[in-house]
2 protein chains.
Amino acid sequence: MASIRDVARLAQVSPATVSRVMNGTANVDEEKKKRVLKAIEETGFVPNEVARSLFKRSAKLIGLIMPSIENPFFTQLAGAIERTADKHGYRLVLCNTGSVIEKEKAAIQMLVSMNADGIILTSSNDEIRNYTSLCNIPIIVTDRSFNGCGNLKIVHCDHYQGGRMAMEHLIRCGCKSIVCIKGQQEISSAKDRYDGYKDVCQEKGIKEQTVDCAYDFEQGMKVTDELLKKYKDVDGIIACNDMVAVSVYKVLHNKGIRVPEQVQIIGFDDIALAKLMSPELTTISQPIDEIGAKAAELIILKGEETQQEYIFEAKLVERETTRHN
Amino acid sequence: MASIRDVARLAQVSPATVSRVMNGTANVDEEKKKRVLKAIEETGFVPNEVARSLFKRSAKLIGLIMPSIENPFFTQLAGAIERTADKHGYRLVLCNTGSVIEKEKAAIQMLVSMNADGIILTSSNDEIRNYTSLCNIPIIVTDRSFNGCGNLKIVHCDHYQGGRMAMEHLIRCGCKSIVCIKGQQEISSAKDRYDGYKDVCQEKGIKEQTVDCAYDFEQGMKVTDELLKKYKDVDGIIACNDMVAVSVYKVLHNKGIRVPEQVQIIGFDDIALAKLMSPELTTISQPIDEIGAKAAELIILKGEETQQEYIFEAKLVERETTRHN
DNA sequence: TTTTGTCTTGAAACCCGTTTCAAATCATAC
DNA sequence: GTATGATTTGAAACGGGTTTCAAGACAAAA
């Protein structure tokens, strides 16, 4: 690997001049510039990013901390972030934590020590606020609501409104007995969605019918079984997210219950899977691309944006698991 | 951010001694050790990985270059790699290329300049061999077969055998008119799978029935439409991968063709989606976790393993889109 | 011709953890 | 008490790109 000093020697200039040619940080005599360019060409010199990063205190790196990359929602979010990052010459460092708090903390420290320029994190961990003091780089929390503070900022979608929309849609579609599968209430998005559902119930004088569930496929199947026993006349199901909605469909399908004729289903998130399955899933869509892009931009653009919270609108996407009217 | 020199000053020792205490690279007087530990505690010192990496010429980083993280197969592969990497204290740097060769090359250069310890890449690009000379770190190619050479190694599964198994299974399940949806033949896995199918046809004196398709959902739907027109008596479909199998199912489902009663389907890969959909997809499973783990280990363990190619076995997973006998 | 100003350039310091090397310390052996 | 060996320790160099600072070069103004 050729170093800048090798190039300098070959071009008969100083390393400083080579640096200036590469970065265009100062005027360099045309003649010397040519020599440097030629020397770079000949040696195949590629500047060492580590050395650069050590001095600049920026590695052009964004840390991505999430429970698991294999959760389709996070995958899509990661994809959106990657596209935005790449556009600006930034790279992503992946850290899966399985929601283990210690791993989260360790990941943050590691990323700071790598001179990462910022961290995007999805966590339900209330301790997050303390992380802010732990480091001097921006931390963006996505998909969870919090009160922003310091260099901790929040980007997410309006889950409460989404919860209302889901409920209102099923009512519009003629459901008489709607059951809401609540997600874990420690996760703010799950809580907000449920709150939306609940408020619509109150406003319309509908009795709440709920069952608890994790954001997870296996759980979803088990809970659907229980749900069917508990609410025998159910004709509409609000799943806490698309993954659970898919498992709800599977159970209904296995039992020969027709969707949407006998039971209608609505999910949350609009992950790619929602369009893939047959029937296609009606769902409340989160603008995942916009959320990811905004989160990345908050780090990359380093603007003095004082706004601490960015909320995007949820959107109803009607497909085949609810009845058109 | 406290530096090692701050700690040294506070503990009244030299930076070298602090380094030795941290890394256990040499004996240090107990008394001084205590002082150092105390100073680290007090300052909240975390060693700067960038400086360490600059000297060590290793950043404990694995570069992951793939067309898109959003392709479920790659997502799962990335997950498997991440788990193995994390176990050994390595991080993953994500580079999506959209299969653009220039981006691939740029990503490799970037990763080398970041002092990455190795690169795992999924590419159909025949030029790869030249990359070997481009850098002195191991490059592991997964899911594509090649002839390994130098520090370029190959980890993949036996797609040819998988292709045979798919065909043989549909025959066993009683299909009389089997159509193979061929993937792009420039991609070695697609070619190998097709070759397996083809050879079984020849051995059994069956006439080949094929149609061409990319590894992609949209294409899959279009191609299935054509397939149904071209082969009106089709009763078994081998899809080039699970994603295409899902789209095949969707088209059949929309047309009211029952699966597996009228047409049986078999896919490839056994991505998570295969178990999620209803009916569950029969498929040829790749041991994604093992492939990912092996690829990561080849980089992390730095063994002088001379083996250039690692081939894993494919496995038939019978589910609901083929008929049990 | 001298002065003032502008531009180009390279030496050296910088970022910070690691390692080498030689000096210093201590203990054991003669 | 001196010689020999073993151990601990810190100063300094190292990795490699960037930036500062002051010197040198050159042009324009006086």
Side-chain angles (χ1 to χ4, degrees), chain A residues 1-37 39-40 43-61 89 109-110 112-117 136-137, chain B residues 1-37 39-40 43-61 89 109-117 135-137:
Chain A
M1 288 283 98
S3 81
I4 200 170
R5 282 164 235 265
D6 298 326
V7 175
R9 203 172 311 123
L10 191 62
Q12 311 205 58
V13 295
S14 73
T17 301
V18 178
S19 174
R20 288 190 268 254
V21 170
M22 284 195 305
N23 302 299
T25 41
N27 288 332
V28 172
D29 177 75
E30 269 306 319
E31 170 59 28
K32 283 181 182 150
K33 198 180 213 165
K34 262 185 210 152
R35 291 212 311 263
V36 168
L37 259 15
I40 289 177
T43 54
F45 169 67
V46 179
N48 183 317
E49 281 304 320
V50 176
R52 186 176 267 170
S53 145
L54 179 60
F55 189 90
K56 294 260 199 166
R57 290 141 177 281
S58 151
K60 294 230 161 198
L61 238 39
Q109 278 204 332
M110 157 66 69
V112 169
S113 79
M114 284 175 73
N115 283 1
D117 297 84
N136 45 350
I137 59 175
Chain B
M1 287 284 98
S3 82
I4 200 170
R5 281 162 234 267
D6 298 325
V7 175
R9 203 172 309 122
L10 191 62
Q12 309 206 59
V13 296
S14 73
T17 301
V18 177
S19 174
R20 288 191 267 254
V21 170
M22 284 196 306
N23 301 299
T25 43
N27 289 332
V28 172
D29 178 76
E30 269 306 319
E31 170 57 28
K32 282 180 183 151
K33 198 179 210 164
K34 261 185 211 152
R35 292 212 310 265
V36 168
L37 259 17
I40 289 177
T43 54
F45 169 67
V46 179
N48 183 317
E49 280 304 321
V50 176
R52 186 175 265 171
S53 145
L54 179 60
F55 191 90
K56 294 259 200 171
R57 290 142 174 279
S58 151
K60 294 231 160 197
L61 238 40
Q109 280 204 331
M110 157 65 68
L111 288 167
V112 169
S113 78
M114 283 174 75
N115 282 1
D117 297 83
C135 66
N136 46 350
I137 59 175

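Order of the sequence lines fixes the chain letters, A, B, ..., with proteins taken first and strands second; residue numbering starts at 1 for each chain.
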- Query: Could you give the CE-to-C1' distance, from A:M114 to C:dG17, as a whole number of Å?
  - Reply: 16 Å
- Query: In whole angstrom, what separates A:R9's CZ from C:dG10's C1'?
  - Reply: 15 Å
- Query: Could you state the NZ-P distance from B:K33 to D:dT9, rounded to the nearest angstrom?
  - Reply: 10 Å
- Query: Are any non-hydrogen side-chain atoms of A:P47 and A:M22 less than 4.5 angstrom apart?
  - Reply: yes
- Closest non-hydrogen atom pair between A:T43 and A:A2, with its separation: CB-CB, 3.8 Å
- Message: So if I define the base as every atom that isn't primed, P, OP1 or OP2, how would nucleotides 10-22 of chain D read as a B/S/- string at a heavy-atom cutoff under 4.0 Å?
- Response: BB--BBBBBBB--
- Message: Under a plain distance cut-off of 3.5 Å, with no hydrogens placed, do B:S58 and B:D117 share a side-chain donor-acceptor pair?
- Response: yes
Could you list the donor-acceptor pairs under 3.5 angstrom formed between side-chain atoms of residues 4-15 of chain B and any protein atom two or more places apart in sequence or on another chain?
unit_1 : atom_1 : unit_2 : atom_2 : d
B:D6   : OD1    : B:R9   : NH1    : 3.4
B:D6   : OD2    : B:S3   : N      : 2.8
B:S14  : OG     : B:A16  : N      : 3.4
B:S14  : OG     : B:T17  : N      : 3.3
B:S14  : OG     : B:T17  : OG1    : 3.3

- Got a sec, which residues hit side-chain hydrogen bond (donor to acceptor under 3.5 Å, both in side chains) with A:R52, two or more places apart in sequence or on another chain? A:N23, A:E49
- Item | Five-pair end axes of the helix from C:dT1-D:dA30 to C:dC30-D:dG1, angle between them (10°) | 60°
- Query: Closest heavy-atom contact between B:V46 and A:S113?
  - Reply: CG1-CB, 4.1 Å
- Message: Please enumerate all residues that pass salt bridge (Lys or Arg N to Asp or Glu O under 4.0 Å) together with B:R20, with sequence neighbours excluded.
- Response: none
- Message: Distance check needed: C:dT9 P versus A:E30 CD, whole Å only.
- Response: 10 Å
- Listed by chain and number, what are the side-chain contact (heavy atoms from CB on, under 4.5 Å) partners of A:E30, not counting sequence neighbours? A:K33
- Task: Ignoring backbone atoms, test whether A:N27 places a side-chain nitrogen or oxygen under 4.0 Å from the OP1 or OP2 oxygen of C:dT8.
- Result: yes
